[in-house]
Amino acid sequence: MGKLTFIAAFCFFVLFSNQSFSQDGKALFSQNCASCHAINKDLTGPALAGVEDRWPDKKMLYSWIKNNQAVIKSGYPYAVDLYNKWNKTQMNLFTSLPDKDIDAILGYIKVEGSKPAVDPNKPVPGGVVAEEGDNTLLFGILTLILAIVAFVLLQVNANLKKLADDKEGIPATEPVPVWRNKVYIMFATLVLFTIGGYYTVMGAIGLGRSQDYQPEQPIFYSHKVHAGTNQISCLYCHGGAQESKHANIPSVNVCMNCHMAINEYKGEALYTAEGEEVNGTNEIKKLYKYAGYEEGKPWDATKAKPVEWVKIHSLPDHVYFNHSQHVAVGKVQCQTCHGEITKMNEVYQFADLSMGWCINCHRETKVQFADNGFYSIYEKYHEDMKNGTMDSVTVANIGGTECQKCHY
């Protein structure tokens, strides 16, 4: 039994320690930080590479991550300067985030921050876009090698014990072949059951999710050019996001409001996700074809046909989600769910849109009570905030984690 315990402990440690240490920080970063921060570039908040070196006191860094408003109120100089530098943008509160999770996030930031920054839109030689490396195969190979080493060491130990017993005159028992050894059979069964169960559960959890989904659209539409370079408001094209459940896709008429006059692209070079250069002027001509528009002639809008855009973000039918509730009432920025849309040439699904991702956001996101009439009925919370009993109210406090909020 001792041999089985040793084998199990060793292999479980090897199988999961490296991967958990490397993946936990990344997962925690994605869940808690990625909506506002990147590691090597500024987003809504500053780039996080070297964050530990920038803070004079590491304990204050931990306090800042958990409750930045409390640190600001304490008058800590670095925190106040940082708050003012970033236009007094309030960071989410993570009061329930344990230190070990913060350690994992900071460890991930330190590793990733030491790597050279890669522009996902910049083509590399050969026309292949640089992708983030996946170390799963490497960890799997190392795990297999170490498991073989452990097995060999166990055999060596058994042979040495046999030699020692022979020297001392202790009768030796006939060794049981590996394929008939109940300890090895039990261990192999447990390992196969655990690995099979893990991948079965993870596969079931991920069923239907489409994170990083990036389909090819009938017209190459660059949000980087429209929303980024030209600063067109998201709500100009997606007005429904502020007024209704759905964000809506703009009609050809909305596109033609600008492109009746803009018939040629003169901006920076455009590239697909595969690194192929795109002729922006030709893409405008595609729009004209859908609009039934001939340059130099009056446009008859009744001839327009809708562009058959490919839907990217989808939620299961049993999930209720209202854009206006988040945008108009919750004051949630588009980038929170859709990523840095102003830097995307081709849109992809930034978040996994899982229930855990939504619930975590509801637990951590502070409701903007100030100058927001929608929340005037919560008199107790308003009173508690005036009295200093509460410093903020999260979505969870007002029922945002109740099942019927999204499933009714």
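Note on Lys297 versus Glu294: salt bridge recorded, some NZ/NE/NH1/NH2 to OD/OE distance being below 4.0 Å. Salt bridge status for Glu340 with Lys224: absent, with no side-chain N to carboxylate O gap under 4.0 Å. Using a 4.0 Å cut-off between charged side-chain N and carboxylate O, Lys366 and Asp391 make no salt bridge.
The six-membered or imidazole ring of Phe321 lies near that of His326, with a centre-to-centre distance under 6.0 Å. Checked against the 6.0 Å centroid criterion, the rings of His318 and His407 qualify as a close aromatic pair. Centroid-to-centroid, the aromatic rings of His338 and His313 come within less than 6.0 Å.
With a 6.0 Å radius and a threshold of 12 heavy atoms from other residues, nucleotides or ligands, Lys161 has its NZ atom at or below the threshold.
In this structure, Lys110 and Tyr108 have side chains that are not in contact, with every pair of non-hydrogen atoms separated by 4.5 Å or more. Taking 4.5 Å as the limit, every side-chain heavy atom of Tyr271 sits out of range of all side-chain heavy atoms of Val278. With a 4.5 Å cut-off on side-chain heavy atoms, Leu353 and Cys358 do not count as touching. Proximity of Val310 to Tyr213: side-chain heavy atoms (C-beta onward) are separated by under 4.5 Å at one or more points. A 4.5 Å side-chain heavy-atom check between Ile72 and Leu82 finds every atom pair outside the cut-off. Looking only at side-chain heavy atoms (C-beta outward), Glu346 and Thr272 come within less than 4.5 Å of each other. For the pair Tyr375/Val393, no side-chain contact is recorded, criterion being any heavy-atom separation below 4.5 Å from C-beta on.
Side-chain contact, Tyr83 with Asp81: no donor N or O sits under 3.5 Å from an acceptor N or O. Side-chain polar atoms of Asp352 and Ser354 form a donor-acceptor pair below 3.5 angstrom.
Applying the side chain to side chain contact (heavy atoms under 4.5 Å, CB included) rule to Val395 yields the partners His362, Thr365, Val367; only residues at least two apart in sequence or on another chain are considered.
Note that OG1 of Thr401 and CE of Met355 are 11.0 Å apart. Values are rounded to the nearest 0.5 Å.
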Salt bridge (Lys or Arg N to Asp or Glu O under 4.0 Å) between Lys286 and Glu283: does it pass, once the steps are laid out?
CA-CA 5 Å; Lys286 291 181 183 178; Glu283 299 304 310; 3.2 Å; yes
Start with the C-alpha gap between Asn263 and Glu295, add the side-chain angles, then the distance that decides, and say whether side chain to side chain donor-acceptor pair (under 3.5 Å) holds.
CA-CA 9 Å; Asn263 59 8; Glu295 294 182 65; 3.0 Å; yes
Given the rule in the side chain to side chain donor-acceptor pair (under 3.5 Å) test, do Tyr236 and Asn257 qualify, once you have shown the distances and angles that lead to the verdict?
CA-CA 11 Å; Tyr236 178 77; Asn257 285 342; 3.2 Å; yes
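Ring geometry for Tyr293 against Tyr288 counts as perpendicular: the plane angle is over 60°, on a 0 to 90° scale with 30° as the lower cut.
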